Amino acid sequence: MKRIHKESLKEALKAWEEKYRVIAPRLTERDERIFDTFDEAWFTLDYAKPSLPLKHALFPQSEAVFQVDQGIYRSIIREEPALLFGIRSCDLKGMLQSLSFMSKDFDDRFYTLRAKNTAAIVMACPGQQSPTCFCTTTRSGPWADGGFDLQLYENGDSFLVEIGSSRGEDLASSELFEDASDPAAREKVTSFRRRAAQSIPLVPEIEQAMEKLRTTGAPDELWERFGMKCITCGGCSFVCPTCTCFNVSDRVLTEGSGERMRSWDACLYAGFTKEASGHNPRHSQALRIKRRHEHKLLYHGDRDTHGGLCTCVGCGRCSDYCPVHIGALEVARDMSAKIF
Amino acid sequence: MDSHPNIYQPFPVFIARTLPQISEHRLFQLKLEDGGTWERFGHQPGQFIEVSIFGKGEAPISISSPPTRPDVLEICVRRAGRLTGSLFELGKGSRLHVRGPYGRGFPVDKLKGRKLLLVAGGLGLAPLRSLLLYVLDRREEFKDLILMYGTNNPDNVLFKYELLSFFDRNDITYFYSVDRDQEGIWKQYVGVVTGLFDQAQLSPDDTCAVLCGPPVMYRFVLEKLLKLGFAKENIYMSLERMMKCGVGKCGHCAIGEKYCCMDGPVFNYTEIEHIKEAI
């Protein structure tokens, strides 16, 4: 365990910048809190739950998987060390789950190389960041139990620093970090964790919904009701830390040259499963909503969950942003309501 | 140096020959650019490839030729979308790009030593032909072979000359049907493919059934097979989904907990009967 004073933090970030592209929370001119390239003037620690998970750091919204130059196909896999500062444990769990998926069977080098070259510094949540947080239910927070390089616990005018890897050891090796292996520091972390966990209420409906899907399944009527409401914006998938479905398209620059792109896609879209013949196995919005929620709550193996409850990591963003209230919380609560 | 390949990058091949089939359907024979055979490709009957034409995208296409005939790789394509539309503009000698082979094909090893009933509908014969020719090429490794093939009308029979050539063989029993025969030229059964079951002598106890056809066909054929006493574990079928990446990542072909491109496209009936949306 180490300790760093809050006033030294920017110093540390600047030092890391020499080796890494540092992504950190910042304010915008319109007073939003986002993650972007570290900027000393706009850097903030007051960012609660950022609007978007850091999914795009490993899985950009759109990226080229190869280039075509006059008919010749060339791979473009770049390696660039990056450092994510301040990531929340739910979002890290999402990345770890996605890494398992992306490395399974065929290795998606775009994702796995980026994951390998990216350092993660988790900011443990001191409590519920918004009323939709339910990471204690999905076993993905409020602190990370692994998969990080460093984990910071706020402690007055300093942070206690838990080291999670040899890369983390290296990151915390400068004189800005003091030794804090005393029992008092460990006790501070223990009570921080206890307080944090107690402030995030359990949502028993999530496990009840999982049990329902495992046994009888949810009634068609429920999916039809949500299907009628869904406006097919796909927003729930784009803000989801574990949604990694993508579409493939060609960006033609000149005749015979350009890039093949893969870009975020969503299973909520009607064209997602449509085949060239016109046949569409998921032909209604009800079936597409069902797919999305069953994928999170039902269809996953142990490896996919990475120690979590399911492939929903309880960040609550789908409930935060869905314009018509079809987030994981609303669906699970509806499913476990006693009337069925 | 990164030793892992880019799983999304295809390699170049060229079209050795195009053979018109029926209206809007064409058989493409593909060859490797270095002149080698497809033996090192290592494909199994029932697997598929991703075909690319840069600028038009990529599409999953089933392999129609068996590994026992490795000189060319054959794909039977219906002109349906952007990629296949462009493919039809290409002729002999044209270059295109492919990736694969992908997916789990027909369980050839489990089928060996068994009686086989192959049921195809329409373009479903394209993937099933890779198994059909494989069995004919290694005929002694399999027992009785029955083929049932149905199309909507006599003009839409695929691989016509191959099907006709079976008239001269005594090691395959075949039943062909058309849904409609307005001109009255069809000499065989007129009606849906399930009607053929009443003509065939089947022994459900020791026969494996392999199905491939349009989505609507499965429900009716399955019903028929189960009624005849076929065990569920002896029924295999190849499913069609939008297999965009072919390597289990893009999510488009997911059916329940399965990915059609990885766990299929060939499934045993027992693997998918519990998944409502599968069939």
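FYI, side chains are in, hydrogens and waters are out, and symmetry mates aren't considered; it's all heavy atoms of this structure. Being a predicted model, the structure only gives us computed values, none of them experimental. Order of the sequence lines fixes the chain letters, A, B, ..., with proteins taken first and strands second; residue numbering starts at 1 for each chain.
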Best-contacting candidate, A:N247, A:L287, A:V248, against chain B by heavy atom pairs under 4.5 angstrom: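 Maximum pair count with chain B is reached by A:N247.
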Checking [X] against chain B: side chain, backbone, both or neither under 4.5 Å from a heavy atom?
X	value
A:F110	side chain
A:S249	neither
A:Q67	neither
A:T112	neither
A:D265	side chain
A:S103	backbone
A:V68	side chain
A:N280	neither

So if I take each residue of residues 289-300 of chain A and look for any heavy atom under 4.5 Å from a heavy atom in chain B, which residues do I end up with?
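So the qualifying residues are A:R291, A:H295, A:Y299.
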Minimum heavy-atom distance [X]-[Y], with the two atoms named:
X	Y	result
B:S52	A:R260	OG-NH1, 2.6 Å
B:G248	A:F101	O-CZ, 3.1 Å
B:Y8	A:R262	OH-NH1, 3.4 Å
A:R282	B:A254	NH1-O, 3.2 Å
A:A276	B:G81	CB-N, 4.4 Å
A:G71	B:R95	O-NH1, 3.6 Å

Between atom [atom1] of [X] and atom [atom2] of [Y], what is the distance when rounded to the nearest 0.5 Å?
X	Y	atom1	atom2	answer
A:D107	B:I7	CG	CD1	7.0 Å
B:R241	A:T273	CZ	OG1	8.0 Å
B:E240	A:H279	CD	NE2	6.5 Å
B:F54	A:E259	CZ	CD	7.5 Å

Would the number of heavy atoms belonging to other residues, nucleotides or ligands and lying under 6.0 Å from [atom1] of [X] be above 12?
X	atom1	result
B:K31	NZ	no
A:E255	CD	no
B:K224	NZ	yes
B:F11	CZ	yes
B:K56	NZ	no
B:K160	NZ	yes
A:R21	CZ	no

At a heavy-atom separation under 4.5 Å, does [X] approach chain A through its side chain, its backbone, both, or neither?
X	result
B:I255	backbone
B:A278	neither
B:C245	side chain
B:L83	neither
B:M243	neither

With a 4.5 Å heavy-atom cut-off, do [X] and [Y] have their side chains touching?
X	Y	answer
A:M102	B:K249	yes
B:K276	A:D220	yes
B:V247	A:D105	no

>> Do the side chains of B:R82 and A:D250 get close enough for a salt bridge, i.e. N-O under 4.0 angstrom?
In response: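 A:D250 and B:R82: not salt-bridged.
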- Item | chain A interface, residue from B:C250, B:G251, B:A59 that has the most non-hydrogen pairs under 4.5 Å |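 Heavy-atom pairs under 4.5 Å are most numerous for B:C250.
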So which of B:P10, B:C253, B:P214 has the biggest tally of heavy-atom pairs under 4.5 Å with chain A?
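Of the options given, most contacts go to B:P10.
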Give a yes or no on whether the backbone of [Y] and the side-chain of [X] come within a donor-acceptor separation of less than 3.5 Å.
X	Y	answer
B:Q9	A:Y73	yes
B:H252	A:F246	yes
B:N6	A:V65	yes

